[in-house]
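Below is one structure, written out as structure tokens; comments come after it.
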Amino acid sequence: MSNDAICGKPQFHVPPCPGSSHRSSERKVLLAVLIPITASAAITLVVILLLLRYRKRQVQAQADSLPDIMPERISYYQLQRATDDFSNSNLLGQGSFGSVFKGSFTDGTLVAIKIFQLQLEGAFKSFETECAVLRNLRHRNLTKVISSCSNLDFKALVLEYMPNGSLEKWMHSNGHFLDIVQRLNIMTDVACAVEYLHHGYSPPVVHCDLKPSNILLDQDMVGHVSDFGIAKLFGEEETVRHTTTLATLGYIAPGESTDFVVLSIQYSPESKWLTILNDVMFAEYGAEGIVSTSCDVYSYGILLMETFTRRRPTDEMFSEDSSLRSWIANSIPHAIDQVVDANLISPVEKNLSRKLNCISSIMEMAVNCSAESPGNRPNMKDVVASLQKIKVQLLAYS
Ligand SMILES: *[C@@H]1O[C@H](CO)[C@@H](O)[C@H](O)[C@H]1NC(C)=O
Ligand SMILES: *[C@@H]1O[C@H](CO)[C@@H](O)[C@H](O)[C@H]1NC(C)=O
Ligand SMILES: *[C@@H]1O[C@H](CO)[C@@H](O)[C@H](O)[C@H]1NC(C)=O
Ligand SMILES: CC(=O)N[C@H]1CO[C@H](CO)[C@@H](O)[C@@H]1O
């Protein structure tokens, strides 16, 4: 009472405040400006959110479209039973990171069980790499993963069983023989698989360890590329990890022929892709330090030479100034009968010179594949195309 200055809302029974009408008009102006701004900001935000969700869904859809070929995991006890407690009689072979056992499940399915010896340096990484690679790849000429078993101290992959063993066995063991068409078929299977790794799948995969013991043969003698323990997948991701990779001497491109190749791996948990950057400068790994598919092409060339000459690149007949490659390069085309596996050709054969011509073309391509400079090597698409042409010729003369 008697405070004339007091003012306020009508419900308090006081005079209205003098500035309020002015303020409400100010508010109106403010609202007139704010509403459109807020509205457009909100709309923009909604549009951005929708776009982000759409993109995320697209990425997810891409990820979902990759076949996940690792179904349920299998337990240690199932594997123990399948291999008769990992008995020596079921041991198929031993690799750089562990052992491979033959296993049979109660339903009669035969499998190969690759057990990673985790106390060996690199074995854990190798298991992770092989899982990451094989999870997403599908090709008839690659070995399939059926399941996996991963505990803290035990890691194993359950793979398709290959009843006919490895190309290594067929090339270098007594009592085993492959004819010229079988050899070309197997090498075409391998070329198809590597072509898929390099060109049929994004991001490209580099196997890094192509050699006869990694080529496995199924019941129909179809070749399957196996052992992705040191394979490389390409992506562009953030975190950097280190690993040590032991590739196989004789099959490694010249720039890398040191005993150890030290690489840093970039791994993205989100996309599950690994990227390799090289720590040590090897010619093969290029100026940006990126492993290239051309080192597989090199190894493939050496593999072709070995398959048709039955000489290992590490054979003692080769020395500092002569190699499997130079020996063959100096023999084509006219002295090809001097280098080719003698079991493949018999002097009384009718179409001998034609067959030798085919082998000569194969060897020329092998020499091209293992060119010193990565830039001069063909890519696997060209290799597959040439092999198929040669195969047509060869079949006509057989
Ligand atoms: C490959 O293995 C299958 C199944 O064990 C066998 O039937 C076939 O004869 C083998 N092939 C050769 C060429 O030995
Ligand atoms: C090998 O390379 C040479 C030179 O680039 C080329 O002329 C030849 O056709 C290639 N041979 C094969 C079988 O690819
Ligand atoms: C030799 O090649 C010809 C095709 O040029 C073919 O008709 C013939 O059957 C081949 N001979 C043998 C013994 O394979
Ligand atoms: C997908 C693919 O190219 N698979 C090949 C695997 O090997 C067999 C046997 O040679 C070929 O017939 C397939 O084309």
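All residue numbers refer to positions in the sequence shown, counting from 1.
By the 4.5 Å heavy-atom criterion applied to side chains, Arg325 and Pro313 are not counted as neighbours. You'll find the side chain of Leu197 reaches within 4.5 Å of the side chain of Leu142, heavy atoms only. Looking only at side-chain heavy atoms (C-beta outward), Leu394 and Val181 come within less than 4.5 Å of each other. A 4.5 Å side-chain heavy-atom check between Leu324 and Asp315 finds every atom pair outside the cut-off. Residues Leu216 and Tyr161 are not in side-chain contact: their nearest non-hydrogen atoms beyond the backbone lie 4.5 Å or more apart. Contact annotation: the side chain of Ser166 never approaches that of Asn214 to less than 4.5 Å [non-hydrogen atoms, C-beta and beyond]. Ile215 places none of its side-chain heavy atoms less than 4.5 Å from the side chain of His224. Residues Thr143 and Val225 have side chains not in contact (no heavy-atom distance under 4.5 Å, counting atoms from C-beta outward).
Although no hydrogens or angles enter the test, the distance criterion places a donor-acceptor pair under 3.5 Å between the side chain of Tyr300 and the main chain of Met187. In this structure, the side chain of Trp170 does not engage the main chain of Leu217 through any donor-acceptor pair within 3.5 Å. Not one N or O on the side chain of Asn368 forms a donor-acceptor pair closer than 3.5 Å with the backbone of Arg377.
When all heavy atoms are compared, the tightest approach of Leu304 to Met365 is CD1-CE, 3.9 Å. Contact record, Asn376 with Ala371: CB-CB, 3.9 Å, taken as the closest heavy-atom pair. The heavy-atom pair separating Met380 from Val194 by the smallest distance is CG-CG1, 3.7 Å. Shortest non-hydrogen contact noted between Arg310 and His172 is O-CE1, 4.0 Å. Between Leu159 and Val145, the shortest heavy-atom contact is CD2-CG2, 3.7 Å. The two residues Leu91 and Ser99 have their closest heavy-atom pair at CD1-CB, 3.7 Å.
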Checklist entry - When you look at Arg312 and Glu168, which way does the salt bridge (charged side-chain N to carboxylate O under 4.0 Å, His left out) test go after all the steps? => result CA-CA 10 Å; Arg312 298 175 195 275; Glu168 167 80 24; 2.9 Å; yes
Next on the checklist: Using side-chain hydrogen bond (donor to acceptor under 3.5 Å, both in side chains), reason through Ser87 and Asp85 one step at a time and then give a plain yes or no.
Outcome noted: CA-CA 5 Å; Ser87 83; Asp85 202 10; over 6 Å; no
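In this structure, Leu210 is a member of the same hydrophobic cluster as Tyr196, with clusters built from ILVMFWY side-chain heavy atoms closer than 4.5 Å. With hydrophobic clusters built from ILVMFWY side chains whose heavy atoms lie under 4.5 angstrom apart, Tyr77 shares a cluster with Ile74. A continuous path of hydrophobic side-chain contacts links Val339 to Leu352 [ILVMFWY only; heavy atoms under 4.5 Å]. No continuous path of ILVMFWY side-chain contacts below 4.5 Å connects Val190 to Met162, so the two sit in separate hydrophobic clusters.
Rounding to the nearest 0.5 Å gives a distance of 9.5 Å between OG of Ser148 and CG of Leu79. Rounded to the nearest 0.5 Å, atoms NZ (Lys211) and OG1 (Thr314) are 11.0 Å apart. Separating the CD1 atom in Ile186 from the CG atom in Asn141 is a distance of 11.0 Å, to the nearest 0.5 Å. From Gln388, atom CD reaches atom OG1 of Thr188 across 6.5 Å, with rounding to the nearest 0.5 Å. For the atom pair SG of Cys369 and CE of Met363, the computed distance is 10.0 Å after rounding to the nearest 0.5 Å. Separating the CZ atom in Phe318 from the CZ atom in Arg311 is a distance of 6.5 Å, to the nearest 0.5 Å.
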Hey, can you pull the donor-acceptor pairs under 3.5 Å for the side chains in residues 150-157, sequence neighbours left out?
| from | atom 1 | to | atom 2 | distance (Å) |
| --- | --- | --- | --- | --- |
| Ser150 | OG | Lys155 | NZ | 2.7 |
| Lys155 | NZ | Asn151 | O | 2.8 |

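In this structure, Phe127 and Phe116 have perpendicular ring planes: the angle between them is above 60°, well past the 30° mark.
Evaluation of the salt bridge (Lys or Arg N to Asp or Glu O under 4.0 Å) rule for Glu160 yields Lys144 as partners, not counting sequence neighbours.
A donor and an acceptor atom, one from each side chain of His198 and Asn379, are nowhere located under 3.5 Å apart. Side chains of Asn164 and Lys169: a donor-acceptor N/O pair is absent below 3.5 angstrom, by distance only.
Contacts classified as side chain to side chain donor-acceptor pair (under 3.5 Å) and involving residues 173-183 (residues at least two apart or in different chains) are given here: Arg183-Asp341.
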